[in-house]
Every structure is written in structure tokens, then in C-alpha cells.
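As C-alpha cells, the structure follows; a few thoughts come after it.
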There are 2 protein chains.
Amino acid sequence: MTTTYSIGELAREFDVTTRTIRFYEDQGLLSPRRRGQTRIYSPADRTTLKLILRGKRLGFSLAESRDLIRMYRPASDNRQQLEALLERIADKRAQLERQLADIHVLQTELDDAEARTRQALTAL
Amino acid sequence: MTTTYSIGELAREFDVTTRTIRFYEDQGLLSPRRRGQTRIYSPADRTTLKLILRGKRLGFSLAESRDLIRMYRPASDNRQQLEALLERIADKRAQLERQLADIHVLQTELDDAEARTRQALTAL
DNA sequence: GGGGAAGTTTACGTTAACGTAAAGTGGCTC
DNA sequence: GAGCCACTTTACGTTAACGTAAACTTCCCC
């Protein structure tokens, strides 16, 4: 027997509303099974949701996350498409590198800011 | 004599529209000098703009960037406020750490995706 | 002095990512 | 069988971050 989740369980676990989860489905990022009307989420669905939320924390749009999700499964046997996929993966990688660099710059700027603030405090 | 920039120069350098730069001013993130009606940007203004755009690449809202800008200058001699500032700096630092972790996870996921894609390619 | 180019203000329009409200369904439990 | 809880659909509302258009000024050039 395999574990499943209700929409409410996932909403609570990741601190989002059920509206948000349904919206992601509407946008084609999730497609859970149904038992009657009710949505049943698999561990894979849960992983996908986690991926979306990770993307959000990095400022990705839902379109970008959808792209990321598609990267995560081959879903093609066409040479052209597979090679295009490799390019998109490389692009994403480059974007992540830029973000890493941005974070490092901001971190040292925070270092400076903290130092100056402590200076101002001891100067009182 | 100190270097200055026109709004068009900054727009070209950072690949944004002048509308965007004026919007940031409207939101209180920039406040350039004026010569008559015309805006004159200092190197400090330019640095601020760079900070905003760096924030954007990391998914910060303009409100967050405004906060970041305020962190970058003491702008207070009040003990309470300075200590509050230290907390906000620590918070930002924690957020950046989370983003770092998220990036690392995504990087290894891209590694996997690339490996699987190459597999699929050689399997043709 | 007519025409561009670059600047300005004002104002309405647009898109993404949900929030919020209304009205209904299915299952449980007392 | 009344009430409650978690789920559902439908649909209109909202906010952030600009885009876009109109009408104007300033300066330079020929």
C-alpha cells in the first residue's frame, strides 16, 4: 500500500492554502488522481509541490517552475527535443549560478551593514 | 568633478525602461537630484539601482529591496532602532541561507535531469 | 524656426498569483 | 436527520510591478 495525501494535508504541511494548490493544478503544474470529485495526491505529487515552492522562494514564476518540472522527467524520445532540453537545463544552471553570485554579494553587504550598525551602537 | 548619469544612460546600462526607474522613485527607492525638471543620478543612486535589480533576480519584492536599502545606511542614532535593524539584518541573512540551500538542491536535481536526458539520448 | 531626441507628468491598462465569497456534495456521528 | 467537517466548482476581486499612450517642455542642429 502506498501513501497518499489529501489537499488539506498538503496545505497544512507546506503552509499554503488549498486554493493555491488547486491553482497550481489549474496552471498545469499538478495533476492528482481523483476518487470521485476528491483529489488524491501521491508522493510524486507532493515532490512536485515541493519543487514549485522551492522555485517560489527563489523568485521563479509558475511558468518557470512548470518548465523545471518538465525537465525533471524525460517525457520524450525525440532527439531534437532532448537536445533542446539539455540547453534549457544549461540555461537554468547559469541562472542559478547568477543567483549564487548575487547572494554572495548581498551577504558581504549585510556584513558591512552589520559592522556599521554595531559601530553606531558602540558610538552611543 | 563627480560623475552623474541621466535616466536614459542608467536604463541602457541595466537594460530596464525609464518607466521602471521612475517607478522605483515613485515607490521611494530612489531620490535623484534635479536640474530643473530633469533627474540627475549620482554614483550612489546607481549603486542603489543595482541593489534593487540584484534583489529582483533573487525574487525580492520592491518592499524588501527598500528595506535592504535602509539597512545599508545607518540613518538612526536611536538604540532601539539600531538593535531592531540588527535583527532585520539577521533575518535577511537567514533568508539568504535558505535560498542558498534551495539553489544547491536544485543544482543536484539539474544534475540528475541532465544525466537522465543524456541516457535517453544514448539509448536512441 | 522647424524638427528630432531625450526628458517630463498624468493616467489608464495589463499580467501573475492568488484571495475571497457563494453555493453545493459526501461522509461521520450523536 | 441535523449538524459539522472537509471537500468541490464557479466566479469576481485584489495587489505588485510595471507597460503604454498622450500631451508637454527643453535643447540642439541645420
Side-chain angles (χ1 to χ4, degrees), chain A residues 3-42 45-46 48-70 92 95 98-99 102, chain B residues 3-43 45-46 48-70 92 95 99 102:
Chain A
T3 40
T4 65
Y5 311 87
S6 74
I7 194 169
E9 284 170 350
L10 289 184
R12 249 167 287 133
E13 175 175 3
F14 295 111
D15 196 31
V16 296
T17 67
T18 58
R19 172 70 174 94
T20 295
I21 298 180
R22 291 198 194 95
F23 179 73
Y24 293 161
E25 178 175 350
D26 213 66
Q27 301 298 305
L29 306 184
L30 285 172
S31 32
R33 281 172 32 223
R34 298 272 183 151
R35 181 164 51 206
Q37 290 250 91
T38 307
R39 281 164 251 254
I40 311 281
Y41 296 87
S42 70
D45 292 327
R46 180 172 168 280
T48 300
L49 180 54
K50 243 163 86 173
L51 183 61
I52 299 169
L53 298 177
R54 211 193 317 278
K56 271 204 60 180
R57 288 196 297 270
L58 292 174
F60 292 12
S61 69
L62 293 187
E64 286 177 301
S65 287
R66 182 170 38 217
D67 222 43
L68 256 181
I69 292 167
R70 297 224 182 97
K92 265 298 158 199
Q95 181 187 346
R98 256 174 315 208
Q99 289 192 294
D102 284 329
Chain B
T3 40
T4 65
Y5 311 88
S6 74
I7 194 170
E9 284 171 350
L10 289 185
R12 249 167 288 133
E13 175 174 2
F14 294 110
D15 196 31
V16 296
T17 67
T18 58
R19 173 69 173 93
T20 296
I21 298 180
R22 291 196 194 97
F23 179 73
Y24 293 160
E25 177 175 349
D26 211 65
Q27 301 298 305
L29 306 184
L30 285 171
S31 30
R33 280 172 34 222
R34 298 272 183 149
R35 183 164 48 207
Q37 290 250 91
T38 307
R39 282 164 250 254
I40 311 280
Y41 295 87
S42 71
D45 291 327
R46 180 172 168 280
T48 300
L49 180 55
K50 243 162 87 173
L51 183 62
I52 298 170
L53 298 177
R54 209 191 319 278
K56 270 203 62 179
R57 287 196 297 271
L58 292 173
F60 291 12
S61 69
L62 293 187
E64 286 176 300
S65 287
R66 182 169 39 217
D67 221 44
L68 255 181
I69 292 167
R70 297 227 181 95
K92 266 298 159 197
Q95 180 187 346
Q99 290 192 291
D102 284 329

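Throughout, a chain's letter reflects where its sequence line sits, starting with A, and its residues are numbered from 1.
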Please report, rounded to the nearest Å, how far the [atom2] atom of [N] is from the [atom1] atom of [X].
X	N	atom1	atom2	value
A/Leu10	D/dC7	CG	C1'	14 Å
B/Phe14	D/dC18	CZ	C1'	19 Å
A/Ile7	C/dG26	CD1	P	18 Å
B/Asp15	D/dC18	CG	P	13 Å
A/Lys56	C/dA17	NZ	P	9 Å
B/Arg22	D/dT20	CZ	C1'	13 Å
B/Glu64	D/dA16	CD	P	13 Å

| Distance test, side-chain N/O of A/Thr20 to OP1/OP2 of C/dG19, below 4.0 Å |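 Checking A/Thr20 against C/dG19: at least one side-chain N or O falls below 4.0 Å of OP1 or OP2.
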
| Distance check: side-chain N/O of B/Ser6 vs OP1/OP2 of C/dA6, anything under 4.0 Å? |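 The answer is no; no side-chain N or O of B/Ser6 sits under 4.0 Å from OP1 or OP2.
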
| NA contact type, A/Thr17, heavy-atom cut-off 4.0 Å: base, sugar-phosphate, or nothing? | sugar-phosphate

| request: For B/Thr18, answer base if it contacts any base atom (sugar-phosphate contacts may also be present), sugar-phosphate if it contacts only those atoms, and nothing otherwise; contact means non-hydrogen atoms under 4.0 Å. | output: nothing

| note | Considering only heavy side-chain atoms of B/Ser61, the closest of D/dA17, C/dG7, C/dG19 is D/dA17

| said: Taking B/Gln27's backbone N and O only, do any of them form a donor-acceptor pair with B/Arg66's side chain (distance below 3.5 Å, no angle check)? | reply: yes

| said: I'd like to know if the side chain of B/Asp26 reaches the main chain of B/Phe23, judged simply by a donor and an acceptor atom lying under 3.5 Å from each other, with no hydrogens or angles considered. | reply: no

| query | Which residues in residues 23-40 of chain B have at least one heavy atom lying under 4.0 Å from any atom of DNA chain D? | reply |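 Nucleic-acid contacts, sorted: B/Phe23, B/Tyr24.
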
| query | Quick one: CD on B/Glu64 to CD on B/Gln95, what's the gap to the nearest 0.5 Å? | reply |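 Output value for this atom pair is 5.0 Å.
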
| Spacing of CG belonging to B/Asp102 relative to CD belonging to B/Gln99, to within rounding of 0.5 Å | 7.5 Å

| Can you tell me if B/Ser42 and B/Asp45 form a side-chain donor-acceptor pair at under 3.5 Å? | yes

| query | Do you know which two heavy atoms are closest between A/Ile69 and A/Leu29, and how far apart they sit? | reply | CD1-O, 3.8 Å

| task | Can you see which heavy atom on B/Glu9 is nearest to which on B/Thr4, and at what distance? | result | OE1-O, 4.0 Å

| request: Kindly say whether, by distance alone, the side chain of A/Arg19 makes a donor-acceptor pair under 3.5 Å with the base of C/dT20? | output: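 Side chain to base: pair present.
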
